[in-house]
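For reference, the structure is listed below as structure tokens.
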There are 2 protein chains.
Amino acid sequence: MTYMTETPEYVDEHARFAFDVFAKACTSRTTLEHLTGRWGILAMAALWHGPLRFNALRRRVEGVSEKMLAQTLQALERDGFVHREAQPSIPPRVDYSLTPMGRQTAGKLVDLIEFVESQMPEVTAAQARHDQAKVRV
Amino acid sequence: MTYMTETPEYVDEHARFAFDVFAKACTSRTTLEHLTGRWGILAMAALWHGPLRFNALRRRVEGVSEKMLAQTLQALERDGFVHREAQPSIPPRVDYSLTPMGRQTAGKLVDLIEFVESQMPEVTAAQARHDQAKVRV
DNA sequence: CTGTATCCTCTCTGATACTG
DNA sequence: CAGTATCAGAGAGGATACAG
């Protein structure tokens, strides 16, 4: 599958770089969505500092249902970002943790979250400006 | 809104850091979703190397409908990541570009995309292992 | 060209109930 | 505790038509 259907006419060195970056994203769109989806990014961030059991994870990611958390974790496990370790005991105990690859990825996600959070005052200000401009019309 | 409803008992320095990171994400969940949503991240990446007009952007983000692209851009513009410049000419011409804040953010998103892409061979291998293990059951 | 408006579909999501 | 199964609603998303 290709996202890029045409090459910009004004391709310079910088543009060529970006073009490649974007083209590469195509093959990984699904995986990327698992990571950046509504619950994926939160689950990864929650696991960032260490392993968690299913219900502990659920409590940390406020608002997630059992179903969605299970679904999210299954996708992330299949992609190799999350490791699932079940102990065949009664009651069952399952620990979720990040794989080495998952850990690197989570680091970048946390970095993104932190950056966005640091910009929230500016975001809020921008929203206010935008809304006020609309009212004037 | 709070995502964290309990403090882990085993909080050490590292965990406390992660805890804070995660707690901070709460206030910016909506903004984060605009950026990491299905079309948001692709639009940001597409604008990474320079301004684009509406339809050029649409062609670069394969599969996006007019409606969703317009919606996505409006959200990103309102949040202050994207600048929209319309020329009152016939036919109309509208250029979209990243604001300074948007540029920094897009950099992190592109970084994430590139990293995930670089891990795709491992992801694919993990998926194959996972699927094969399932079959055995 | 750059959108907006409308209708319609379909997936995502959450609540509930149930199993091992 | 750690899920799975099922159902129903909400909202994302797409196709089409139309406006400026």
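Note that the coordinates shown come from a computational prediction; the quantities given were computed from them, not determined experimentally. Order of the sequence lines sets the chain letters (A, B, ...), proteins ahead of strands, with each chain counted from 1.
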Touch class at under 4.0 angstrom, heavy-atom based, for A/Arg84 against every strand present: sugar-phosphate
Any donor-acceptor N/O pair, B/Ser89 side chain to B/Pro92 backbone, under 3.5 Å: no
Sugar-phosphate only, base, or nothing, as touched by B/Gln87 at under 4.0 Å among non-hydrogen atoms: nothing
Test item: B/Gln87 and B/Asp95 side chains (from C-beta on) under 4.5 Å apart, heavy atoms: yes
Check: B/Trp48 main-chain N/O paired with B/Arg103 side-chain donor or acceptor under 3.5 Å: yes
Gap between atoms CD and C1', on B/Glu85 and C/dG3 respectively (whole Å): 17 Å
Rounded distance (Å) that lies between atom C1' of C/dG14 and atom CZ of A/Arg38: 10 Å
Side chain of A/Pro92 (C-beta onward), nearest among C/dT2, D/dG3, D/dC1: D/dC1
Integer-rounded Å distance: D/dG3 P and A/Arg59 CZ: 13 Å
Rounded interatomic separation in angstrom, taking CD1 from A/Ile90 and C1' from C/dG20: 7 Å
B/Ser97 side-chain N/O to B/Pro51 backbone N/O, donor-acceptor pair under 3.5 Å: no
Nearest-nucleotide comparison on DNA chain D, the residue closer to the 5′ end among A/Lys67 and A/Leu73: A/Leu73
A/Thr99 side chain to A/Gly102 backbone, donor-acceptor under 3.5 Å: yes
Below 4.0 Å: OP1/OP2 of C/dT4 and any side-chain N or O of B/Gln74: yes
N or O in side chain of A/Tyr96 less than 4.0 angstrom from D/dC1 OP1/OP2: no
Between D/dG20 (P) and B/Glu66 (CD): distance, integer Å: 17 Å
A/Arg53 vs D/dC1: side-chain N/O to OP1/OP2 distance below 4.0 Å: no
Closest listed nucleotide, where the reference is the side chain of A/Ala70 and the choices are D/dG14, C/dC1, D/dT4: D/dT4
Sugar-phosphate, base or nothing in reach of B/Gly37, heavy atoms under 4.0 Å: nothing
Separation of atom CZ in B/Arg58 from atom C1' in C/dG3, rounded to whole Å: 11 Å
Nearest-Å distance for atom pair CE/C1', residues A/Met68 and C/dT13: 6 Å
Spacing of B/Leu52 atom CG relative to C/dG3 atom C1', expressed in whole Å: 17 Å
